[in-house]
2 protein chains.
Amino acid sequence: MPEQNFEVEHQQALHNLKQNLPSDDDLDAMVNIFKAFGDMTRVKIILALSETPLSVGEIADTLDMSQSSISHQLSILKQLNLVSNARRGRNIHYRLSDQHILTIFKQTQDHIIEDENDF
Amino acid sequence: MPEQNFEVEHQQALHNLKQNLPSDDDLDAMVNIFKAFGDMTRVKIILALSETPLSVGEIADTLDMSQSSISHQLSILKQLNLVSNARRGRNIHYRLSDQHILTIFKQTQDHIIEDENDF
DNA sequence: TTTATATATGAATGATTGCTCATATATTCA
DNA sequence: TGAATATATGAGCAATCATTCATATATAAA
């Protein structure tokens, strides 16, 4: 009875799940990073910074958005340690904190591309 | 004058950026997937499904949430092709569409872990 | 010092979103 | 067929969020 066997394993997996799912606290950091990536403006900022460090004004100019809006978004990215900043002359230059971010973007693109091949 | 050289390269990069940044249309799919990942409930659903396919009721029970809420979230994940479903007896079983998703989660955890080591 | 420039920040606002409640749909069982 | 069970869905609501506007802070230039 292979069908019942499957059912037993399923019940076992189900029981384990309820105990072993990560807690909110454990998942919070990850969810917050995904939240940060779930906004077009922030994604564009990150892609821009992946090419070269940029000042706030340069980013605003590149994305054709207000200085204030970019500054607000940068502060969110900074709080999550996704970017860091340093004064350079009279500007403040932002840069990506590490390259993991781009790897994640690439993985996601891969998912999307594989998806388009379904039909 | 290495300092000026840097400046010239920076200006060039800046100029290229403004032309080569992906369009909203290009980024839309990626941003929507990150939006989906940017919610605790949906992340937990995905983690649960990474262990075994589950019915709507089983997910609701596992996460201790209402059937309606889970159903709503599943429909979002399904629209993005992150999960698929199939009737099995009188239930509908959901499963992850592909394993890329878990790779992305792992990469993100790596970023967080590396981050904690900064001080 | 004064003036100009770059960035940050707080309040207000419109839009989006996740949940609940009520109900519709669909399948199984008697 | 009719009752019971599982899932889906639409409307409503409270909370979150991205942007704007006005203004504060900080550095550089004159």
Side-chain angles (χ1 to χ4, degrees), chain A residues 3 7 10-11 14 24 27-28 31-49 53-80 82-95, chain B residues 3 7 10-11 14 24 27-49 53-80 82-95:
Chain A
E3 189 54 25
E7 193 47 35
H10 178 71
Q11 286 306 327
L14 186 54
D24 283 24
L27 294 177
D28 227 35
V31 168
N32 282 332
I33 287 180
F34 285 136
K35 264 200 191 105
F37 291 170
D39 176 79
M40 187 76 73
T41 299
R42 288 189 293 260
V43 166
K44 284 183 183 171
I45 291 175
I46 289 169
L47 290 177
L49 292 180
L54 293 166
S55 73
V56 179
E58 287 171 330
I59 299 173
D61 184 56
T62 302
L63 305 199
D64 204 19
M65 293 185 61
S66 77
Q67 174 270 319
S68 176
S69 182
I70 298 299
S71 189
H72 277 297
Q73 299 305 339
L74 283 171
S75 91
I76 291 172
L77 295 175
K78 185 153 187 295
Q79 253 196 311
L80 292 167
L82 295 169
V83 303
S84 63
N85 61 7
R87 186 168 284 276
R88 188 182 178 89
R90 95 165 81 187
N91 301 318
I92 293 180
H93 274 79
Y94 281 79
R95 58 170 63 250
Chain B
E3 190 53 27
E7 193 47 36
H10 178 70
Q11 286 305 326
L14 187 54
D24 284 24
L27 294 177
D28 228 36
M30 187 168 73
V31 168
N32 282 331
I33 287 181
F34 285 136
K35 264 199 190 106
F37 292 170
D39 175 79
M40 188 75 74
T41 301
R42 288 188 294 260
V43 166
K44 284 183 184 172
I45 290 175
I46 289 169
L47 290 177
L49 292 180
L54 293 166
S55 72
V56 179
E58 286 171 332
I59 299 172
D61 184 56
T62 303
L63 304 199
D64 204 19
M65 294 186 62
S66 77
Q67 174 270 320
S68 176
S69 181
I70 298 299
S71 189
H72 276 297
Q73 299 306 339
L74 283 170
S75 91
I76 291 173
L77 295 175
K78 185 154 187 294
Q79 253 196 311
L80 292 167
L82 295 169
V83 303
S84 64
N85 61 8
R87 187 169 282 276
R88 188 182 178 89
R90 95 167 80 189
N91 300 319
I92 293 181
H93 276 220
Y94 281 78
R95 59 169 62 251

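Note that these values count all heavy atoms, side chains included, but never hydrogens, waters or copies made by symmetry. Naming convention: chains lettered A, B, ... in sequence-line order (proteins, then strands); numbering from 1 in each chain.
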Do A:Ser75 and C:dT9 share a donor-acceptor pair, side chain to base, under 3.5 Å? no
Answer whether the closest heavy-atom distance between the side chains of A:Thr41 and A:Ile70 falls below 4.5 Å. yes
Under 3.5 Å: donor-acceptor pair, side chain of B:Asn91, backbone of B:His93: no
Whole-Å gap separating P (C:dC21) and CD (B:Gln67): 13 Å
Derivation and outcome, side chain to side chain contact (heavy atoms under 4.5 Å, CB included), residues B:Asn85 and B:Leu74: CA-CA 9 Å; B:Asn85 61 8; B:Leu74 283 170; over 6 Å; no
Just the rounded figure in Å: distance from C1' of D:dT16 to CG of A:Asn32. 13 Å
Under 4.0 Å from OP1 or OP2 of C:dA6: is there any side-chain N or O of A:Tyr94 that close? no
What is the distance from CZ of A:Arg90 to P of D:dA28, rounded to the nearest Å? 8 Å
Please state how far atom CG in A:Leu77 lies from atom C1' in D:dC17, giving the value in whole angstrom units. 14 Å
Evaluate side chain to side chain contact (heavy atoms under 4.5 Å, CB included) for B:Leu27 paired with A:Leu47, printing each intermediate quantity in order. CA-CA 11 Å; B:Leu27 294 177; A:Leu47 290 177; 3.8 Å; yes
Smallest heavy-atom separation, A:Tyr94 atom then A:Leu49 atom, equals O-CD2, 3.3 Å
From D:dG10, C:dT5, C:dA26, pick the nucleotide closest to the side chain of B:Arg87? C:dA26
Atom-to-atom span, CZ of A:Arg88 to C1' of D:dA28 - whole angstrom: 16 Å
Using whole Å, report how far CG of B:Asp61 lies from P of D:dT5. 16 Å
Contact under 4.0 Å: B:Asn91 side-chain N or O vs D:dT5 OP1/OP2: no
Would you kindly give the CG-to-P distance between A:Asn85 and D:dA26, to the nearest whole Å? 15 Å
Closest to the B:Ile92 side chain: C:dT28, D:dT7, C:dA8? D:dT7
Could you go through nucleotides 12-19 of chain C and list every protein N or O atom that sits under 3.5 Å from one of its N or O atoms, giving the distance for each pair?
{"from": "C:dG18", "atom 1": "OP1", "to": "B:Arg42", "atom 2": "NH1", "distance (Å)": "3.4"}
{"from": "C:dG18", "atom 1": "OP1", "to": "B:Arg42", "atom 2": "NH2", "distance (Å)": "2.8"}
{"from": "C:dG18", "atom 1": "OP2", "to": "B:Arg42", "atom 2": "NH1", "distance (Å)": "3.1"}
{"from": "C:dC19", "atom 1": "OP1", "to": "B:Thr41", "atom 2": "OG1", "distance (Å)": "2.8"}
{"from": "C:dC19", "atom 1": "OP2", "to": "B:Ser69", "atom 2": "OG", "distance (Å)": "3.1"}
{"from": "C:dC19", "atom 1": "OP2", "to": "B:Gln73", "atom 2": "NE2", "distance (Å)": "2.7"}
{"from": "C:dC19", "atom 1": "O5'", "to": "B:Ser69", "atom 2": "OG", "distance (Å)": "3.4"}

Integer-rounded Å distance: D:dA18 P and A:Leu74 CG: 13 Å
Kindly determine whether A:Asp24 and B:Lys44 satisfy side chain to side chain contact (heavy atoms under 4.5 Å, CB included), including the steps that lead there. CA-CA 9 Å; A:Asp24 283 24; B:Lys44 284 183 184 172; 2.5 Å; yes
